[in-house]
Every structure is written in structure tokens, then in C-alpha cells.
2 protein chains.
Amino acid sequence: MTQKQTARTTRRKAGSYTIHDVAALAGVSSITVSRYFNCPDKVSAALRERLREIIDRIGYVPSQVAGGLASGHGRVVCAVMQNIASATFADLVKGMTDELQASGLQLLLANAQYSQELEEQAIRTFVGWHPTALILTRHDHTPAAEAMLRALNIPVIEAWGLVPGRPFHQVGFPHIETGAILARHFLEQGATRIQFVMSQTTEDFRAKQRAQGYADAMTSAGIKANVQIVPEDDEFEAGAVCIEGLSHLPADSRPQALIFANDNIAAGAILHAPLCNLILPRDCAIAGFGDAPISARLRPALTTLRPARYQIGQHAARTVLQQLTAAQEGQDSIVEDQLPCDLIVRESSRFHL
Amino acid sequence: MTQKQTARTTRRKAGSYTIHDVAALAGVSSITVSRYFNCPDKVSAALRERLREIIDRIGYVPSQVAGGLASGHGRVVCAVMQNIASATFADLVKGMTDELQASGLQLLLANAQYSQELEEQAIRTFVGWHPTALILTRHDHTPAAEAMLRALNIPVIEAWGLVPGRPFHQVGFPHIETGAILARHFLEQGATRIQFVMSQTTEDFRAKQRAQGYADAMTSAGIKANVQIVPEDDEFEAGAVCIEGLSHLPADSRPQALIFANDNIAAGAILHAPLCNLILPRDCAIAGFGDAPISARLRPALTTLRPARYQIGQHAARTVLQQLTAAQEGQDSIVEDQLPCDLIVRESSRFHL
DNA sequence: TTGTAGGCGTTATCAG
DNA sequence: CTGATAACGCCTACAA
């Protein structure tokens, strides 16, 4: 023991090496070992080699916890997702971790299930971790959350949506616009009876934004918007119920085109259509949102919007890294980065007059 | 400032309160504030109320970093996933976070993409966080990883798979058995020409285990196993290609049943079958694995196995918590918790002689 | 290039 | 029930 031994038992955990152990083994001071990790070029090559050997041999790993405390900035990036289990957020998370991996930052995740209150709670928890940056996936926070964000004084990124005029960096695309894109896709083909369909349990508030965008586009075209909410829990079932109901209507009052809140509901409709003697898109044209893997395989193949999920996650993380270096240089510009959400036109939306 | 001020500038971060600030405001010592958080029942009710008011007012949040350092155990549970972006692992993660949330433990995630080397690297990174527990999703680690796990001396849970005789806790189900279940499902219906189909790019080593289970069951029945590997990147496409090739074979040499490595490949086959004039399951019975949301909606609806994804994540996290209390009481029993992976029989596997 | 002193914010230990 | 003191393992600031 190199340390001054007090009368009481030391709290040192057995079996775990510290920077001091490495230093002692190498016959140098501990700060030199610290430099070996943080700025290797300030350590002589010979010593570097010796340290490397020792560290490898005993399997020393620096404590992120101690380092974070001492330096004042833990090497963590915290992200609050809205639905961890969904494919959308899974892709986002993968983009983030892939990008963060190289920089030695760890991603801390929380799940808010589309709830503002849960988001606030998650942010509060994260504050205790002194994160390097925060990634959120909505832009409407509780006042308390908003206050915390300002007080934190770290880069905050709002990913997925894109709303102008926010005080934080935005990476994503405008969801309200996506509803309009689909509406116009059908309007331009000459359709007039275009309906927007969502399931009752769609927690995703983004679906409502798309409905709004759809409604705006319809109104602009001088046509009354028509949003249907199907009272079903299961999304596929909701699509099936919707198409079933539609099959009972006379052809001339039936919607010519349906815009579904997402691809799952649309898939439910497409898969169920043959069972109620509807031929799609002849009897009704269809579009979805999200470009699920199955969408291109359905018959008819589903027209949909393809958000750059992975890229948004990746870009959000990259923005975090950029902000960190920019902050050192005193820069602080708010950026809105729009990433693509492309219209993928397939057979299902080939509208027939 | 209550602290002895040295000549040099203090490193204290502006804008962030510490436990000492709270203590000063309340006119008590900081350890009392610490106790307010960690063992409230050791603080008088009156004081508790006063502290609560102050903490709420200034918005103090204890530093997890400092606490972790002082107590020797950070309040983090680390988990290494094999494919963060997949629905399977997304569900596992959700189960874990939901369960961990109440206990104040944070989940730290890493992605290993089915690679042993990446897993080792992730574990190494996690060691620096002094995790409370580690959750892994495979049981075959590199020797170096295995050594770290032993040295760590914390609860290690291996989730998803279930292999007897491991030195760590297991939560999941035996994957090799699932292949056998499907094989027997067809054997019992009198089929003899049963093929197992996987796509070339199936990184998931678990698919190979299922193939093995299938092969064993076939051999036991005195029938030669037949594993086909379709050289396609896209899983849906692989299924389509498989069924297409099959449609060119004469009916009496064609497999009577196909077991697909997962539901995606099976869905590709089912969706493509009508395009090559095959009627399923008449011309070929089909089964998958994973019970994707779409599987029940396909026509014919897909027979598959339903692993308790969310529950496995939840149970793994719960086991962590149990281990933590058990460790205090000196217990240390290795448990193998089998969670269900049920055979869901639907139309697609109704075998016709 | 290397070292010394001290503090980061919290908790364990021992004492009242 | 409350408090004083000394760590926890590392890093910043300053010095050589």
C-alpha cells in the first residue's frame, strides 16, 4: 500500500485495480497514467509501451464514474425515446449508438411512452448523471422540463420531428408536412374522396400531426377533410375493420383513397381486402407511413413515406459531437437539419377514376 | 462558501446545486441530506418536510456520478444486445427498462451485432462503469470476456437463450428445442419431406441452433435432415426465392413442409406463393419463428413460435434485483428460468397428405 | 515530459 | 436521530 493507512478499514474494493496500481507497477505517478489515456502524446513512447503492457496484463479499465466526477462531465449522452419497443425508435437508437461508439460516449436510454410527464421524469433522472448532451424525441415538453433543459446548459437535440423556431437543435423532418404530401399525391391524381384513417389507440401524437397536414391540404384544395378513427386496439385489426366497413358502402360514395396513419394499419387493410371482395387499388387506393419491411412485399405493394430513421439517430449523435467541439470554440448556433422522408410510390396508390 | 477557500480557483460548476447547498439552506449537515435520499426513515419527519421543500424549490437532483463513486457501486445495469434495431431486442429492452425504472437503476445499452468480439469490447467498456449487474444475450463468450465476467463479481444474467450448466443465471428458453418442436409438429402429422430454410445473411446464430434442433428431431425419426440456405440478403426476398424454386419442382419430390428460420422469411414465402401458382398450405405447409405482428394476418395465417420477449427482459431485470438483495444475505444460487416459447398453430401448417 | 497538491459530490464509518 | 471525518478514483491547476 502506498497510501497513508488510517486506523479504520479502507473502503477499497477488492479485485479492482485503480490508476494508482498501474502507476505503482510502472514506477511512475498516477497522473502519468491518467495522461496515457487522455492525451497519450504527452507521454513518452517508451513509457507508453510499458504502461500498455501493464494495463493489458492486469486488465485495468479506467473508472468512468471517478473520471466523470473529477472532470465535471460524465461521458454519457442521454436520450428519451417515446416507444423503445417500436421499430422506429429501435432504428434511431441504433443510429445513435453506432455514431457514439467511436467517441467513447455511452448512451443512456429512457422510455416516455408518448407521455410528457414520463418525459419530464426521465429528464429529471438524467440530470443526476450530468450528461454531456441530451437527445429528445419531441418538442412539446412540460414547463418544468423546459426549465431543466435551459438550466442544464448542455447541448439539447430534438430528433425525429422538425418544428421551426425551437431553441434547440432539430434533426428530422416536419411530420405535419408528410400528411400533406400523401393528400396531394391523391389530389393530383384527381381523387376527391380521400380519407385519413387512424386507430383509436394510436398513442403516437405524430399521427395526429400527419392527420392535420392531410386536413390542411384538403382544405387548401377546397375539399372537406375526413378523418376516421377506428375503435380497435390492434393496428392490423383496425385496418381490416376499416376496409371491411368500406366494402359495404356503395361504390360511388366510398372513399377513392385511404391514407393510413402508418403501414401496420395499411397492411391490415391490404391483407383483409381480398376477404371482403375488394380489389385494391381498383376499388380503393391506399397509402401508409413508415415503410415497414413488409410494405414492399404486400400485394398490392404499399405506397408509403420512408423516414430516414437510422440516419436521424446517427445525425443527432453526430450533432452532439459537433456541438461539443463547437462549444469549446464559443460557437452556439441553433440548426434545423432536415433529413429525408421520401414518398415511395408503389402499386397500392395507383388511383383509378 | 462554507468550504475552506484555497488560493486557486475552485472547480465548482456554476448553476448546479450540491448536497452541501441543500444542507446549508436547511441548517443541517450534508450527511443528513444524504440520508434523506437513501434512508428517509432515519430522518425526523419535520426535517424531512423541510428538506423536501428546499429540494423542490431549488430543483436539486443528487449526482449519480458522485454517489456511485462514493458507494463503490454505480446505479447502472449494463446490457449487451445482439441487434438493437430488431423487434426482438427492442422488446427485451422495454421489459428491462420497465422493470428497472422503479428501482432507480439505469440501463446502459450496447450493441454487439451477433459478434463475440464486439461483445467483449462492450463488456470491457461497461467494466469502467462499475455496473451493479450485467445482462448478456448469448452464452458463448470469448475467453477474455469470460474472465472479465468472473472477475467482476457482480450478478451476470444471460437472457434469451437457455443452456444448462452455465455459471450464470439464465432467463429464456432453449433455442435448439424450438427447431425440434416445429419438426415434430410436421412429423406428427405424417410429413416426411420437411425442410429447414434460412437466408444466407442470417447473422442470428440462434437460427443455426434451431436448424440443429430440427436436424436432431429428423434424425431421431429416422429421416434425413435437409437444411437449405437461400443466398439472398433480404429476408422477405429469401422466402420468395425459396417458394419460387419450390414451385418448379414436381409435386411428389417437393418438400411437404417448410420450417423457416424466422417469420420474415416465412412471410416472404407466403406473400409470394400466389404469384407462382402455389396454394398454401395445400401445396406446401409452412411454419416460422418469432410470431411477428403480421404473422396472424397473413393468408394463410402463419404457424409460428411465440417467445415471451418482453417477459424475458422483465424477468432478467427482476432477477438482477433479486440477486442484489440475495447477495446481501450471502445467498448465491444459479438459476435457470425457462420462459415460454409457445407453438402457435395456425392455418399455414395444416398439413395435407 | 513528469510530478505535487487538492478537490469533484457523495457515502461509509465511527461518534455523539 | 444527527454529525465530523475520511475516503471513493480520477482530473485540473500549477510547478519543475
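In what follows, every chain begins at residue 1, and chains take the letters A, B, ... in the order their sequences are listed.
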Nucleotide of D:dT2, D:dA4, C:dC8 approaching B:I31 most closely (side-chain heavy atoms): D:dA4
Whole-Å distance separating the CG atom of A:D41 from the C1' atom of C:dT1: 11 Å
Interatomic distance where CD1 belongs to B:I19 and P belongs to C:dC8 [whole Å]: 14 Å
Distance in Å, A:R318 CZ paired with A:S103 OG, rounded so as to fall on 0.5 Å steps: 11.5 Å
Phosphate-side-chain proximity, B:S29 and D:dG3, N/O vs OP1/OP2 below 4.0 Å: yes
d(CD, B:Q64; C1', C:dG9) in whole Å: 12 Å
Parallel, tilted or perpendicular: rings of B:F89 and B:W160 (30°, 60°): tilted
Any A:T32 side-chain nitrogen or oxygen under 4.0 Å from OP1 or OP2 of C:dG3: yes
Heavy-atom side-chain proximity of B:F126 to B:L152 below 4.5 angstrom: no
Sugar-phosphate, base or nothing in reach of B:V28, heavy atoms under 4.0 Å: sugar-phosphate
Atom-pair distance (OH on A:Y36; C1' on D:dC10), nearest Å: 17 Å
Pairwise 5' ranking along DNA chain D for B:V43 and B:A66, keeping only the more 5' one: B:V43
Option passing side chain to side chain contact (heavy atoms under 4.5 Å, CB included) with B:V61 (candidates A:T125, A:V127, A:I123): A:V127
OP1 or OP2 of D:dC11 under 4.0 Å from side-chain N/O of A:S71: no
Between C1' of C:dC14 and NZ of B:K42, the distance in whole Å: 13 Å
B:N38 side chain, from C-beta outward: closest of C:dG9, C:dT11, D:dT2: C:dT11
B:L69 CG - C:dC8 P separation (whole Å): 13 Å
Between B:H169 and B:Q323: side-chain donor-acceptor atoms closer than 3.5 Å: yes
Euclidean distance, atom CZ of residue A:F37 to atom C1' of D:dC11 [Å, nearest integer]: 14 Å
Under 4.0 angstrom between B:S30 side-chain N/O and C:dT10 OP1 or OP2: no
Between C:dC14 (C1') and B:R35 (CZ): distance, integer Å: 11 Å
Candidate nucleotides C:dT10, C:dT2, C:dC8, ranked by approach to the side chain of B:S63 - the nearest: C:dT10
Contact under 4.0 Å: B:Y60 side-chain N or O vs C:dT10 OP1/OP2: yes
